[in-house]
Amino acid sequence: MRQTVKALKPMIEGFIETNGELSLKRTLKSGQAFRWRLTNDGTDWVGVVRNTHVVQLTQQPDGKHIHYRVLNGHEDNDHNQEIKPTVKGRKRLKTSDESDGENPKDQYFYSQLISDYLRLDVNLTDLYDKWSKSDDKFAAIAVNMSGVRVLRQNFAETLFSFICSSNNNINRIEKMIETLCQKYGKVLYESHPELGTIHSFPEITRLAEESVEPELKKLGFGYRSAFIHRSAKTICDEYKCPEKWSQELAQMPYSEARQALQRLPGVGPKVADCIALMALNHLESVPVDVHVFKIAQHMYLPHLKKNKSLTHKSYQEIGDFFRSKFGPNAGWAQAVLFCADLKQFKQ
DNA sequence: GTTTGACCTGG
DNA sequence: CAGGTCAAA
């Protein structure tokens with residue numbers, strides 16, 4: 001019955017031109033986002049954009065166009081859209097509340113929404129060219145690693161996802177995040193044939209409730225239960241509107257934002273850098289995990305081979321090295337090298 | 001200001 | 001051990 005009702009509504013879909021500068025696989029499945037799933041026999045990606053829209057994306061055979069379909073576009077899910085950080089000189093997308101009469105549910109609105117999430121406003125060819133000129137090793141890798149993009153992601157989802165990521169494996173990280181969404185998120189789309197019911201990521205205020213920590217413990221979150229709850233509570237205690245904090249973090253200089261984030265329990269240098277890079281538009285942030293550490297050891301800083309593990313000092317050194325080599329978007333260059341190092345993307 | 005272990009849980 | 005963090009040397 002429900003299917004019939006949906007079918008009567010106009011389908012929201014269209015194509016987005018990418019100039020060959022986007023690989024969905026390398027972008028959605030390279031460890032920056034944890035909730036994108038491959039469906040329809042491996043052709044379509046389904047995920048949530050802006051924490052409100054369930055979107056299906058398909059890379060076209062020409063590699064230069066993306067087909068999108070908003071699966072829950074007929075629902076009234078636009079009322080609580082977050083306001084994303086404004087990028088200087090770039091017009092921020094309007095939310096439905098401030099769309100001054102313009103219909104938010106038209107094709108232009110959605111293609112902009114998705115383009116914004118995928119950061120398609122950034123010319124990736126120029127960046128790759130620049131990085132390749134300043135580093136032969138990058139150049140050699142980049143020719144087989146085109147279209148890696150740093151997504152413009154939701155703050156709360158990035159924060160809590162990467163709190164879950166520490167000292168943990170990808171499989172369990174994804175399961176934990178999915179559990180968070182199912183238990184504390186809102187229903188965005190029901191009965192997807194392969195994925196079931198799709199939820200939003202929880203509000204920070206919801207995760208700040210006292211019952212959360214014991215509940216998460218029971219769900220197998222271990223010591224991260226306290227990290228999640230206490231971080232949420234810390235934010236809510238200080239800010240009436242948690243989203244406001246993320247805007248402030250995006251406005252302040254990278255080093256200050258990083259320092260502020262690290263006051264949260266479960267957020268150290270690496271997690272703070274992930275949030276800064278992926279959710280706060282601080283593209284000079286270089287998250288150094290064990291993968292990047294090994295890349296740095298073998299490719300750039302051989303004297304670090306004597307180090308058994310990352311120290312605060314070597315962490316800083318690697319980040320600074322990347323910034324000096326690749327410039328203000330060093331975090332993006334790191335993302336490309338990181339992606340190339342992932343097992344699933346090796347030739 | 002550095003460096004070392006323990007740490008929930010599951011494959 | 002796994003895409004670190006925390007607290008105690």
Side-chain angles (χ1 to χ4, degrees), chain A residues 26-36 145 148 150-151 153 157-180 183 207 212-235 255 258-279 285-299 303-320 322 330-346:
Chain A
R26 290 174 190 149
T27 299
L28 302 178
K29 208 63 182 176
S30 58
Q32 49 178 322
F34 297 96
R35 295 185 66 204
W36 285 94
M145 205 47 61
V148 177
V150 173
L151 299 167
Q153 295 197 79
E157 179 166 351
T158 307
L159 166 61
F160 295 104
S161 294
F162 281 95
I163 283 179
C164 290
S165 78
S166 68
N167 187 235
N168 205 352
N169 60 71
I170 301 284
N171 199 12
R172 187 157 84 109
I173 296 167
E174 289 180 349
K175 281 178 182 165
M176 289 167 80
I177 293 167
E178 187 54 35
T179 300
L180 280 181
K183 187 154 180 65
L207 296 176
V212 168
E213 183 176 338
E215 284 170 352
L216 290 182
K217 280 226 171 91
K218 217 174 284 182
L219 289 168
F221 278 58
Y223 62 79
R224 297 182 190 80
S225 308
F227 287 167
I228 291 168
H229 173 253
R230 285 172 52 213
S231 280
K233 193 159 166 47
T234 300
I235 295 170
S255 60
R258 183 177 193 274
Q259 197 175 346
L261 285 165
Q262 289 192 60
R263 294 183 313 155
L264 300 175
V267 179
K270 194 267 181 179
V271 171
D273 276 339
C274 285
I275 300 164
L277 175 64
M278 299 167 196
S285 169
V286 179
V288 182
D289 61 7
V290 45
H291 286 272
V292 177
F293 179 49
K294 286 174 184 165
I295 293 172
Q297 282 177 319
H298 293 301
M299 288 175 57
H303 66 276
L304 290 179
K305 284 183 179 174
K306 63 173 165 46
N307 296 35
K308 290 193 186 301
S309 61
L310 264 175
T311 63
H312 178 69
K313 197 176 171 182
S314 55
Y315 188 105
Q316 188 66 34
E317 184 183 351
I318 294 168
D320 288 343
F322 270 74
W332 198 318
Q334 169 270 359
V336 176
L337 295 175
F338 176 83
C339 190
D341 194 61
L342 290 179
K343 197 176 172 187
Q344 59 192 131
F345 295 114
K346 298 226 177 185

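Values reported hereafter were calculated over all heavy atoms of this structure, with side chains retained and with hydrogens, waters and symmetry mates removed. Fair warning: this is a prediction, and the values are worked out from it, not measured in the lab. Note on naming: letters A, B, ... go to the chains in the order of the sequence lines (proteins, then strands), and numbering restarts at 1 for each one.
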Rounded to the nearest Å, what distance is computed from the CD1 atom of residue A:Ile228 to the C1' atom of nucleotide B:dT9? 13 Å

Across all chains, not counting sequence neighbours, the side chain to side chain donor-acceptor pair (under 3.5 Å) partners of A:Asp320 are A:Gln316, A:Arg323

Given C:dG3, B:dC7, C:dT5, the nucleotide with the shortest approach to the side chain of A:Ser166: C:dT5

Taking only residues two or more places apart in sequence or in another chain, which ones pass side chain to side chain donor-acceptor pair (under 3.5 Å) with A:Gln262? none

Strand contacts (DNA chain C) in residues 264-272 of chain A, 4.0 angstrom heavy-atom criterion: A:Leu264, A:Pro265, A:Gly266, A:Val267, A:Gly268, A:Pro269, A:Lys270, A:Val271

Residue pairs fulfilling side chain to side chain donor-acceptor pair (under 3.5 Å) with at least one residue in residues 290-299 of chain A, sequence neighbours excluded: A:His291-A:Asp341

Between C:dG3 atom P and A:Phe34 atom CZ, what is the distance in whole Å? 10 Å

Looking at CG of A:Leu310 and CZ of A:Phe293, how far apart are the two atoms once the value is rounded to the nearest 0.5 Å? 5.0 Å

Distance check, rounded to the nearest 0.5 Å: A:Ile173 atom CD1 versus A:Asn168 atom CG? 4.5 Å

Mind jotting down which residue pairs meet the salt bridge (Lys or Arg N to Asp or Glu O under 4.0 Å) criterion with at least one end in residues 168-177 of chain A? Sequence neighbours excluded, please. A:Lys29-A:Glu174

How many angstroms lie between CG in A:Leu216 and NZ in A:Lys183, if you round to the nearest 0.5 Å? 8.5 Å

Hits for side chain to side chain donor-acceptor pair (under 3.5 Å) against A:Glu215, two or more places apart or cross-chain, chain-then-number order -> A:Tyr184

A:Glu174 has an atom CD; how far is it from atom C1' of B:dT9, in whole Å? 16 Å

Please write out each protein N/O paired with an N/O of nucleotides 1-6 of chain B under 3.5 Å, distance rounded to 0.1 Å.
none

Across the strands shown, which category fits A:Ser30 at heavy-atom distances under 4.0 angstrom: base, sugar-phosphate, nothing? base

Crowding at NZ, A:Lys218 (>12 non-hydrogen neighbours, <6.0 Å): no

Distance in angstrom units between A:Asn169 CG and B:dT9 C1', rounded: 9 Å

Starting at atom NE2 of A:His291, determine the distance to atom C1' of C:dC1, rounded to an integer number of angstrom. 12 Å

For nucleotides 7-9 of chain C, which of its nitrogen or oxygen atoms have a protein nitrogen or oxygen under 3.5 Å away, and what is each distance?
none

Inter-residue atom distance A:Leu151.CG - A:Trp36.CH2, 0.5 Å rounding: 8.0 Å

Less than 6.0 angstrom separating the ring centers of A:Phe162 and A:Phe34, yes or no? yes

For atom CG of A:Asn167 and atom P of C:dG3, their distance in whole Å: 10 Å

Between B:dC8 and C:dA8, how far apart are the P atoms? Round to whole Å, please. 14 Å

List for me each residue that meets salt bridge (Lys or Arg N to Asp or Glu O under 4.0 Å) alongside A:Lys217, sequence neighbours excluded, and say none if there are none. A:Glu213

Validation: residues 265-278 of chain A side-chain donor-acceptor distances under 3.5 Å, sequence neighbours left out:
residue  : atom : partner  : partner atom : Å
A:Asp273 : OD1  : A:Tyr254 : OH           : 2.6
A:Asp273 : OD1  : A:Arg258 : NE           : 2.9
A:Asp273 : OD1  : A:Ser285 : OG           : 3.2
A:Asp273 : OD2  : A:Arg258 : NE           : 3.4
A:Asp273 : OD2  : A:Arg258 : NH2          : 3.4
A:Asp273 : OD2  : A:Tyr315 : OH           : 2.6

Among the nucleotides B:dC8, C:dG3, B:dG11, which one has an atom lying closest to any side-chain atom of A:Asn171? B:dG11

Minimum-distance nucleotide to A:Phe227 side chain [options: C:dG3, C:dC6, B:dC8]: C:dC6

Rounded P spacing from B:dT4 to C:dG3 in Å: 22 Å

To the nearest angstrom, the CD-C1' distance between A:Glu213 and B:dC8 comes to 13 Å

With side-chain hydrogen bond (donor to acceptor under 3.5 Å, both in side chains) as the test, would you mind laying out the steps for A:Ser314 and A:Thr311 before giving the verdict? CA-CA 5 Å; A:Ser314 55; A:Thr311 63; 3.2 Å; yes

Between the base of B:dC8 and the side chain of A:Asn168, is there any donor-acceptor pair under 3.5 Å? no

Contacts of A:Asp289 meeting side chain to side chain donor-acceptor pair (under 3.5 Å) (sequence neighbours excluded), chain-then-number -> none

Helical stems, DNA chain B - three or more consecutive Watson-Crick or G-U wobble pairs below 3.5 Å: B:2-7 with C:4-9

Using a cut-off of 4.0 Å on non-hydrogen atoms, how would the nucleic acid contact of A:Leu342 be classed: base, sugar-phosphate, or nothing? nothing

Closer to the 5' end of DNA chain B via nearest nucleotide, is it A:Lys175 or A:Arg172? A:Arg172

Please report the distance, rounded to the nearest Å, between CG in A:Leu219 and C1' in B:dT9. 13 Å

